[in-house]
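Step one of this worksheet: look at the structure below.
Keep in mind it's a predicted model, so treat the numbers as computed, not measured. Naming convention: chains lettered A, B, ... in sequence-line order (proteins, then strands); numbering from 1 in each chain.
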Amino acid sequence: MLLRIEDTDRARSTNEAIDAILDGLAWLGLDWDEEPVFQFSRAERHRLVVDELLSANRAYHCYSTPEELDEMRRIAQSEGRPPRYDGRWRDRTPQEAPVGVKPVVRLKAPREGETAINDAVQGRVVIPNADLDDLVLLRSDGTPTYMLAVVVDDHDMGITHVIRGVDHLTNAARQMQIYAALDWPVPEMAHIPLIHGPDGAKLSKRHGALGVEAYRALGYLPAALRNYLVRLGWSHGDEEFFSTEDMIHAFGLQGVGKSPARFDFAKLENINGHYMRAMSDADLLDAFRKALPYLPDGPDAMERLDKGLWPIFEKLLPALKERAKTLVELLDSASFLFSERPLKLDDKASSVLAPEAQKLLSLLTPQLAALSLWTASSVEESVRAFAQDHNVKLGQIAQPLRAALTGRVVSPPIFDVLEALDREESLARLADQSG
RNA sequence: GCGCCCAUCGUCUAGCGGUCUAGGACGUCGCCCUUUCACGGCGAAAACAGGGGUUCGAGUCCCCUUGGGCGCGCCA
């Protein structure tokens with residue numbers, strides 16, 4: 001697989017922008033083999049193609065200034081016509097060129113008839129040529145535009161399928177005019193629907209859309225995101241889960257619908273949770289460690305876990321992962337492990353630790369301290385006996401225990417927590433809260 | 001404004017003229033499991049945008065309306 005970076009817009013193609021693309025794709029697991037091709041490095045080739053077009057009289061120099069073009073569009077708009085370039089330089093000679101104006105090169109596009117796109121997803125789409133003006137091939141500074149560059153590169157690189165968002169549909173028509181002027185065969189085209197925001201409004205950077213890197217910080221797994229994304233606008237019967245292998249076998253343009261989908265975080269979370277549970281503990285641990293630096297408060301948590309707490313984390317991971325839909329939730333649900341004593345209790349935990357409960361805990365603590373063996377089952381046995389002796393339900397002692405040990409009212413099974421925390425830490429936390 | 005495209009539960013979708021009293025998934029709501037929360041299991045509510053045609057028969061074909069989206073740069 002080959003990666004091509006379309007960097008013909010020099011101002012926007014900053015190193016940061018390019019790194020963000022590379023980084024995002026790599027994280028998502030969308031790999032490429034050879035060195036990326038930077039489109040701008042092929043500018044010389046693009047200019048050569050334009051020379052051909054010029055000498056074949058399929059393109060021409062245009063001396064209209066940006067101000068002139070603005071004016072043109074404004075007037076057209078006010079007269080109810082489409083805002084287009086009017087082709088005023090189409091058939092003029094260079095002798096008429098105003099001095100001091102650097103020209104652009106425009107394609108001499110057909111003015112009548114229509115251009116048809118045979119699209120694998122959209123079907124046959126016909127655009128009147130009157131709605132397509134003479135697009136710019138070379139800017140006045142001599143650099144190629146994207147419109148020209150894609151066509152030349154796709155042709156030179158032997159691209160068989162052009163698959164992209166519908167926002168490129170009319171570009172496809174324009175590009176076909178370039179193919180036609182060059183007498184080149186047109187690759188298979190497929191324009192897939194766009195993804196909308198949860199509110200149905202458009203999803204774009206300008207409207208709060210997230211870059212790939214944001215999904216990493218949100219704690220999603222690349223495999224889960226891929227799975228979620230592939231099911232947006234495409235389906236394969238009733239199947240919901242697809243491994244990379246499955247996708248490769250099952251995916252086809254025939255299954256792609258034409259209507260746009262809304263992005264639904266609830267479903268993404270569900271799928272992510274599914275992947276987390278389905279993963280082996282070792283793989284999940286690995287994914288978690290890799291993601292940690294990017295998660296909110298992750299670096300801080302990493303520092304604390306590095307102080308010998310990883311074994312405890314690992315021990316509780318099977319219980320923890322049942323309760324988390326994202327890596328962020330996983331981190332949050334594990335935070336009691338490395339919280340410093342005395343623990344800060346959340347509101348619900350404080351109310352669980354009423355005086356009555358505190359009294360029970362102070363009675364239980366010495367009994368636990370006397371245990372010769374500290375395992376989940378030995379502790380459980382002891383606590384169950386305690387509950388019976390004091391004629392309380394298990395929950396009446398388990399909940400205060402949970403509150404005292406985790407600072408919360410929700411956690412993995414409490415006896416597993418006791419075991420993971422170990423005797424010393426558990427007893428210390430109990431002492432902190434049994435007042 | 002002009003051009004193009006879209007329209008099944010709240011959301012993602014199955015459906016390619018009769019098997020649809022419309023299926024699955026997420027979400028929601030019950031119940032079960034249970035030391036909490038999850039997981040898991042069982043169950044429920046929930047949709048063919050509206051109107052005309054075509055046809056023996058329309059969610060499925062055609063037209064209109066309405067509602068959405070995309071495009072109209074010396075951006076990509």
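- The residues A/Arg58 and A/Glu52 are annotated as not salt-bridged, no charged nitrogen and carboxylate oxygen being separated by less than 4.0 angstrom.
- Between the side chains of A/Ser64 and A/Arg88, not a single donor N or O lies within less than 3.5 Å of an accepting N or O.
- Using a 4.0 Å cut-off, some side-chain N or O of A/Arg73 falls inside it from OP1 or OP2 of B/C74.
- Residue A/Ile414 is classed as a base contact, given a heavy-atom separation below 4.0 Å to a base.
- In this structure, A/Tyr215 has its ring center closer than 6.0 angstrom to the ring center of A/Phe263.
- In this structure, A/Glu322 places its CD atom 9 Å from C1' of B/G40, rounding to the nearest Å.
- Here A/Asp133 does not pair with A/Arg106 in a salt bridge; the nearest charged N to carboxylate O distance is not below 4.0 Å.
- What separates CD of A/Glu380 from P of B/U36 is a distance of 12 Å, to the nearest Å.
- Between the CZ atom of A/Arg84 and the C1' atom of B/C2 there is a distance of 7 Å, given to the nearest Å.
- Of the charged side-chain nitrogens involved, at least one lies within less than 4.0 Å of a carboxylate oxygen, so that A/Glu240 and A/Lys267 count as a salt-bridged pair.
- Side-chain atoms of A/Asp119 come within 3.5 Å of backbone N or O of A/His191 as a donor-acceptor pair.
- Residues from residues 164-181 of chain A that place a heavy atom under 4.0 Å from any atom of RNA chain B, listed by number: A/Val166, A/Asp167, A/His168, A/Leu169, A/Thr170, A/Asn171.
- Nucleic acid contact for A/Gln77: base, since at least one base atom lies under 4.0 Å from a heavy atom of the residue.
- Applying the 3.5 Å distance criterion, the base of B/C37 shares a donor-acceptor pair with the side chain of A/Arg323.
- Going from atom CG of A/Leu371 over to atom CD of A/Glu381 covers 8.5 Å, rounded to the nearest 0.5 Å.
- Atom-to-atom, CZ of A/Arg12 to C1' of B/C74 comes out at 13 Å; the value is rounded to the nearest Å.
- Taking atom CG of residue A/Asp119 and atom P of nucleotide B/C4, one finds them 15 Å apart after rounding to whole Å.
- Considering only the side chain of A/Val410, B/U36 comes nearest among B/G69, B/G10, B/U36.
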Under 3.5 Å, N/O pairs linking protein and nucleotides 19-22 of chain B:
none

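- With both pairing distances under 3.5 Å, B/G30 is matched to B/C42 as a Watson-Crick or G-U wobble pair.
- In this model, no side-chain donor or acceptor of A/Lys325 finds a partner on the base of B/A38 within 3.5 Å.
- Nearest-nucleotide positions on RNA chain B for A/Gln399 and A/Tyr63 put A/Gln399 closer to the 5' end.
- One interatomic measurement links the two molecules: CG of A/Asn272 to P of B/C12, which rounds to 20 Å at whole-angstrom precision.
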Mind listing the N/O atom pairs, protein and nucleotides 14-16 of chain B, below 3.5 Å?
unit_1, atom_1, unit_2, atom_2, d
B/A14, OP1, A/Ser235, OG, 2.9

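- Using a 4.0 Å cut-off between a side-chain N of Lys or Arg and a carboxylate O of Asp or Glu, A/Asp156 and A/Arg42 qualify as a salt bridge.
- Counting heavy atoms of neighbouring residues, nucleotides and ligands inside a 6.0 Å radius, atom CZ of A/Arg341 exceeds 12 of them.
- For B/A76, one of the phosphate oxygens OP1 or OP2 lies less than 4.0 angstrom from a side-chain nitrogen or oxygen of A/Thr8.
- Taking every side-chain heavy atom of A/Arg231 into account, B/U13 is the closest of B/U13, B/U35, B/C72.
- Taking side-chain N and O atoms only, A/Lys258 has a distance below 4.0 Å to OP1 or OP2 of B/C6.
- Distance CG/A/Leu316 to NZ/A/Lys321: 13.0 Å, rounded to 0.5 Å.
- On a pure distance criterion of 3.5 Å, a polar donor-acceptor pair joins the side chain of A/Glu240 and the base of B/G24.
- Ring centroid separation for the pair A/Tyr60 and A/Trp89 does not come in under the 6.0 Å cut-off.
- Picking from B/C72, B/C39, B/A7 the nucleotide with the shortest atom distance to the side chain of A/Ser259 gives B/A7.
- No more than 12 heavy atoms of other residues, nucleotides or ligands lie within 6.0 Å of CG in A/Asp347, so this atom counts as exposed by the packing criterion.
- In this model, the phosphate group of B/C37 is not approached by any side-chain N or O of A/Arg408 to a distance below 4.0 Å at OP1 or OP2.
- Side-chain to base pairing of A/Arg402 with B/U35: one donor and one acceptor N or O lie within less than 3.5 Å of each other.
- In this structure, A/Asn270 places its CG atom 13 Å from C1' of B/A38, rounding to the nearest Å.
- In this entry the distance linking CG of A/Asp332 with C1' of B/C37 reads 13 Å, nearest Å.
- The closest side-chain heavy-atom distance from A/Leu361 to A/Ile397 is below 4.5 Å.
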